[in-house]
Q: 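Right, I'll just put the structure down here and ask away after.
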Protein chains: 2
Amino acid sequence: MTAQATTPAHPLLDAHAPVLDEIRSALATRSWYSRYPESPSPRVYGEDAAAVGLAAYEAHLGRPYAALADQPTDGTFVGSEVSPYGPTLGVSYPALDLDAGLAAARGALRAWRDAGPQVRAAVCVEIVDAVGRRSFELANAVMHTSGQPFVMSFQAGGPHALDRALEAIAAGLVEQERVPASVVWEKPARDQPLRMRKDYRIVPRGVGLVIGCNTFPTWNAYPGLFASLVTGNAVVVKPHPRAVLPLAITVEAARQVLADAGFDRALVQLAAESDGQGLARTLAQRDEVAIIDYTGGPSFGEWLEREGATRGALVYTEKAGLNSVVVDSTDDLRGTLGNLAFSLALYSGQMCTAPQNLYVPQSGVQTDEGHLSFDEFGDRLAEAVTRLTADPGKAVELLGATVNDQVRANADALARVAAQADGRVVLESRRVVHPAYAEAVVRAPGLVAVDVSREDAYTRECFGPVGFLIRTTSTQQSLERLAGTVREHGGMTASVYSTSDEVLGAAREAAADAGVALSENLTGQVFVNQTAAFSDYHGTGANPAANAAYTDAAFVASRFRVITSRRHV
Amino acid sequence: MTAQATTPAHPLLDAHAPVLDEIRSALATRSWYSRYPESPSPRVYGEDAAAVGLAAYEAHLGRPYAALADQPTDGTFVGSEVSPYGPTLGVSYPALDLDAGLAAARGALRAWRDAGPQVRAAVCVEIVDAVGRRSFELANAVMHTSGQPFVMSFQAGGPHALDRALEAIAAGLVEQERVPASVVWEKPARDQPLRMRKDYRIVPRGVGLVIGCNTFPTWNAYPGLFASLVTGNAVVVKPHPRAVLPLAITVEAARQVLADAGFDRALVQLAAESDGQGLARTLAQRDEVAIIDYTGGPSFGEWLEREGATRGALVYTEKAGLNSVVVDSTDDLRGTLGNLAFSLALYSGQMCTAPQNLYVPQSGVQTDEGHLSFDEFGDRLAEAVTRLTADPGKAVELLGATVNDQVRANADALARVAAQADGRVVLESRRVVHPAYAEAVVRAPGLVAVDVSREDAYTRECFGPVGFLIRTTSTQQSLERLAGTVREHGGMTASVYSTSDEVLGAAREAAADAGVALSENLTGQVFVNQTAAFSDYHGTGANPAANAAYTDAAFVASRFRVITSRRHV
């Protein structure tokens, strides 16, 4: 008895209907889907794409970001970005007038609500495409705010972030489409059945606030941004003060698409700030803000969760955790060491998904190259890291630059940490001189071996190029520690290396108990740090590291509400 | 590339697979679905069903509830139920030992998790059926704890509550089924594609706490109870101290079904308390409690929301609001007055969905019986109420008994409220003597007319048999006040009477803006107070009256998490 109400028409819906079908299907089957090639190769993107993108990036430097001058502003400018590679960006952004900006956002809601889920999804895809055309510009902006190496900046900052955006659009779209627009309801009765028409209308929560982070300014912001947008909300994007430019570019593109599509630009606004202004706190306390998406440190994340509950705002947080690896045995030692070394080295461990705690039994590790003792395994891993990062020119394309003083302090503290915990520095975190950026502080991963009893050393997140080799009494204890520490302190990733089905089964149980995703025996070109949109959930929401996952139904279902009107027919 | 993993088998899944299909389909199409006849007629349920149910109820009175003696208990008994109709129930319940009970609940989780969504749903249906077989016993228990009239106790306490249970089961089931159990993921690569098997495992949050209310002990508890159960959680049911018996019967039935099905009874436990013990607060602060479902007053509800956020627990609340009616015009005055009078009278306005604020323009109401002034409309409504409740014997079957002193105080305060707000008592809240229960305090609805400017009178929930006739300057103002008061103070229901398409359209806009469901021109046997499972959402989550709705995706999607394990194939 479902009577499908007419879907509002829009040229972008005609244009993007096939994409919407593709992403609906990819989400349902959790299959591989990517809209943009991940390789920044000239063969893929064209010979001049890189140069044009670089020029577009450089055109931003040292001047006001004029393309956002149409936002409500108090007339002042903010901005204090300095590249982790050295250069000061010198971009200044018009400060958002919060009263006027939030009023404008609320004022834009009604037409956006009435556009309906499909038109909103099509407009969101168009925004994604508009950003996608600027992937090289974005890559430079991400590189010089996060300190990521260039290729990673391109991939994670552009195509992979846009895949996550599309995933959020798909998840939000299908969740809304599960509610029929209109039905005739019929209840049997003695004489005539009771018949009522019931119209179900999707309404937004209000204004979403997206609080960006320094290390993945776009990748971690897009899921919340697009999940809120597609479900009918307006969004204010509050970037990390040291990583504004990538989101300024994003917001500029979004506003242009919205205007071209006949909607109010105020649906997406940038609230930039200089270092230390505390704008996230101010915005989170505004009544207009109904949804908050946050990536960052745990203490502010927990404050946001409480503040949101006090005001009835939804809060999605990704905070921090202890990413863990259990090494039991392997039939591919070379692949194991190479994969682990890469995971540790990639962006100097400054990924929220990078492994930190590697549990190895005191009895050592059985491998295809024979038995390795605990210390031998550590030394072999150290060698693999050293080999991978030996050539400075190649190393910096993997390591990137350290993003802040805390990371550098963590890298410098290995000897102290080892001494305090009666451990051993297996590998110092080596300084690498960047051939092009002398001021960049580049660090290769270091390793400290400690006993499992020294929880003081390894049960805090030590963000950056630091890994702990934790000596356990057995693989069983390794798995117990993985589950216990993740349950208590959180974890974004876990992995296991074992040739034993029994151990792998136990690892799956431990991961399920701990509420963390598990990668098994990664020895090739898939790394525990990396998750694929539409297929791998990023985070689970089941442990303290994050209260949400990119992108499950829980991440989108509460961002809208359904209002029924019913009448007899 | 979806590889469906084998669904765990269970005899109950074979038995209930057809029901699961029916409820999946009813939810998707939002069509009428009911598993149990709503009429307590002997022709439907059999000649002796009522007597057997009454005897079963009476067998509980004046003694310990022995069937729950197998719960972990500290050996003490609690219970202080007194029927709003007069009699003391005298049932005592073994107090739950919280440490042991919560440990038992957690201990029961793993096998329940591993049973999978379909088996859990089938077991939940079996619980629903087990409770359904006790509908007459339950009806008496609901009647003598809530004060509802018998037929309503039967319908809302039994079949309708069970329909809401089935709806929650369906919503939780399909939300879990949207995640494939296992897929092979294939990413194109230069040579061989990357192929990985990814298993997705549904895991629960932990222990759910359901905090019941006095007026609808089962109807408001079942959605949370079954939504948590079907998604793999254990549940501790904490009934209102004055409405324990209906949930004790429910928990007893659930535990028996669980045990018979091979699961741990500790998946459902009763935490009864005597009046004033504050057990809800104690339980809400327990680390084991990961989900809280609450129906009750706003201040404790808001405390729960904050407490939940502090601990990372999900909190679903239904609190209070200003249910509003806009009267503009009608072509069926008799139907309008009859419907409104019934809505006001049903259970003496002690439904969270009962209308309180009736906005009528000062210019009066155009009807099929001619034009009525504001005062004339009020008087005609008062007459309709008086006529409906004139015969005490029939009236008590509609009004039931008042549930507590606050309701009685509200009913007694009409003259004072009217005087303070320069209003007029249009109809006193009449005392009705119950022919069978002399001690019952039965009240017919009263009506107070006030000017729209006297917000002091009508912008607080006045729970019970009290309606405000609010004189507005126009229907436009009526709609603005509806939207404004619901946005600020919340509202569970709204309705409008108008012959004008323009007004109805404006009312739909107002309802969408306010975030409240709208009923239009109800003049027959559907009442604004009543919502149908699978079709009408109860609450919206879009205004302060409730942060959740029975049952949308948002009500179920966060109750479970998905844990991936992936490996190369």
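Heavy-atom basis, side chains included; hydrogens, waters and symmetry copies ignored. Please read all numbers here as calculations on a predicted model, not as lab measurements. So you know, we letter chains A, B, ... as the sequences are listed, proteins then strands, and number each from 1.
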Q: Might you point out which heavy atoms bring A/Ala545 and A/Gly321 nearest each other, and give the distance in Å?
A: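 What the structure gives for the nearest pair is CB-CA, 4.3 Å.
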Q: What pair of heavy atoms forms the shortest contact from A/Asn547 to A/Thr317, and how long is it?
A: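 The answer is OD1-N, 2.8 Å.
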Q: Side chain, backbone, both or neither: which part of A/Glu305 has a heavy atom under 4.5 Å from chain B?
A: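 For A/Glu305, the contact with chain B is made by backbone and side chain together.
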Q: Is there a donor-acceptor contact under 3.5 Å linking the side chains of A/Ser182 and A/Asp199?
A: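 Yes, side-chain donor-acceptor contact under 3.5 Å.
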Q: Using side chain to side chain contact (heavy atoms under 4.5 Å, CB included), reason through A/Ile291 and A/Tyr316 one step at a time and then give a plain yes or no.
A: CA-CA 8 Å; A/Ile291 307 172; A/Tyr316 300 96; 4.1 Å; yes
Q: So which residues of residues 487-496 of chain B are in contact with chain A at a heavy-atom cut-off of under 4.5 Å?
A: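 Counting heavy atoms that sit under 4.5 Å from chain A, no residue of residues 487-496 of chain B is involved.
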Q: Who wins among B/Leu109, B/Val526, B/Asn521, B/Leu504 for the most heavy-atom pairs under 4.5 Å with chain A?
A: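 Between B/Leu109, B/Val526, B/Asn521, B/Leu504, the count favours B/Val526.
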Q: Given that the side chain runs from C-beta out, which part of A/Val516 has a heavy atom under 4.5 Å from chain B: side chain, backbone, both or neither?
A: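 Just its backbone gets close to chain B.
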Q: Is A/Arg311 paired with A/Glu307 through a side-chain N to carboxylate O contact shorter than 4.0 Å?
A: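 A salt bridge is present here (some side-chain N lies under 4.0 Å from a carboxylate O).
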Q: Below 4.5 Å from any heavy atom of chain B, which atoms of A/Arg201 appear? Answer side chain, backbone, both or neither.
A: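 Just its side chain gets close to chain B.
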Q: Looking only at heavy atoms, what is the nearest atom pair of A/Arg561 and B/Ala554, with distance?
A: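 Heavy atoms of A/Arg561 and B/Ala554 come nearest at NH1-CB, 3.7 Å.
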Q: Looking only at heavy atoms, what is the nearest atom pair of B/Leu194 and B/Ala189, with distance?
A: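 Taking B/Leu194 first and B/Ala189 second, the nearest heavy atoms are N-CB, 4.4 Å.
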Q: Run the side chain to side chain donor-acceptor pair (under 3.5 Å) test against B/Asp513 and tell me which residues pass, sequence neighbours left out.
A: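 Checked B/Asp513 against side chain to side chain donor-acceptor pair (under 3.5 Å); matches are A/Arg110, A/Arg113.
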Q: Output the option from B/Ala553, B/Ser34, B/Gly541, B/Ala514 having the highest count of non-hydrogen pairs under 4.5 Å with chain A.
A: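 With the most close heavy-atom pairs to chain A, the winner is B/Gly541.
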Q: Which answer fits B/Tyr200, side chain, backbone, both or neither, if we ask what part of it has an atom under 4.5 Å from a heavy atom of chain A?
A: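 Side chain only.
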Q: With sequence neighbours excluded, what pairs up with A/Arg24 under the side chain to side chain donor-acceptor pair (under 3.5 Å) test?
A: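 A/Arg24: side chain to side chain donor-acceptor pair (under 3.5 Å) contacts with A/Asp21, A/Glu177.
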Q: Find the one option among A/Glu302, A/Arg205, A/Glu175, A/Arg559 whose heavy-atom pairs under 4.5 Å with chain B are most numerous.
A: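 Most pairs with chain B among the choices: A/Glu175.
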Q: Counting only non-hydrogen atoms closer than 4.5 Å, does A/Gln176 touch chain B with its backbone (N, CA, C, O), its side chain (CB onward), both, or neither?
A: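 It is neither, since no heavy atom gets under 4.5 Å.
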Q: Only pairs of heavy atoms separated by less than 4.5 Å count here; which of B/Arg306, B/Lys198, B/Arg178, B/Gln525 has the most with chain A?
A: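 Highest number of heavy-atom pairs under 4.5 Å: B/Arg178.
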Q: Of the backbone (N, CA, C, O) and the side chain (C-beta and beyond), which part of A/Asp552 lies under 4.5 Å from a heavy atom of chain B, both, or neither?
A: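 Only the side chain of A/Asp552 comes within 4.5 Å of chain B.
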Q: Does the side chain of B/Val183 come within less than 4.5 Å of A/Thr29's, by heavy atoms?
A: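 Side chain of A/Thr29 against side chain of B/Val183, heavy atoms only: no contact under 4.5 Å found.
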Q: Given that the side chain runs from C-beta out, which part of A/Lys187 has a heavy atom under 4.5 Å from chain B: side chain, backbone, both or neither?
A: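 For A/Lys187, heavy atoms of backbone and side chain both lie under 4.5 Å from chain B.
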Q: Picking from B/Ala290, B/Ala549, B/Ala517, B/Gly308, which has the most non-hydrogen pairs under 4.5 angstrom with chain A?
A: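 The residue among B/Ala290, B/Ala549, B/Ala517, B/Gly308 with the greatest pair count is B/Ala517.
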Q: Who among A/Arg566, A/His568, A/Arg567, A/Met196 has the most heavy-atom pairs with chain B under 4.5 Å?
A: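 The residue among A/Arg566, A/His568, A/Arg567, A/Met196 with the greatest pair count is A/Arg566.
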Q: Among residues 527-540 of chain B, which residues come closer than 4.5 Å to chain A, judged by heavy atom distances?
A: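 Listed by number, the contacting residues are B/Phe527, B/Val528, B/Gln530, B/Thr531, B/Ala532, B/Ser535, B/Asp536, B/Tyr537, B/Thr540.
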Q: Using a cut-off of under 4.5 Å for heavy-atom pairs, which of A/Pro188, A/Pro204, A/Gly206, A/Gly515 has the most such pairs with chain B?
A: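 Going by pairs under 4.5 Å, I would pick A/Pro188.
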Q: Do you know which two heavy atoms are closest between B/Glu318 and B/Ala546, and how far apart they sit?
A: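 In this case the closest contact between B/Glu318 and B/Ala546 is CA-CB, 4.0 Å.
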Q: Side chain from CB out, backbone as N, CA, C, O: work out which of these in A/Val562 comes under 4.5 Å of a heavy atom of chain B, or both, or neither.
A: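 When you check distances to chain B, atoms from both the backbone and side chain of A/Val562 fall under 4.5 Å.
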Q: As an exercise: rank B/Ala512, B/Ser558, B/Ala542 by heavy-atom pairs under 4.5 Å with chain A and give me the winner.
A: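 Maximum pair count with chain A is reached by B/Ala512.
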Q: Less than 4.5 Å to any heavy atom of chain A: does that hold for the side chain of B/Glu509, its backbone, both, or neither?
A: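 Its backbone and side chain both get close to chain A.
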Q: Taking the side chain as everything from C-beta on, heavy atoms only, tell me whether B/Glu520 gets closer than 4.5 Å to A/Ser565.
A: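 In contact.
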Q: Might you point out which heavy atoms bring A/Leu304 and A/Ala284 nearest each other, and give the distance in Å?
A: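 Closest approach of A/Leu304 to A/Ala284: CD2-CB, 3.5 Å.
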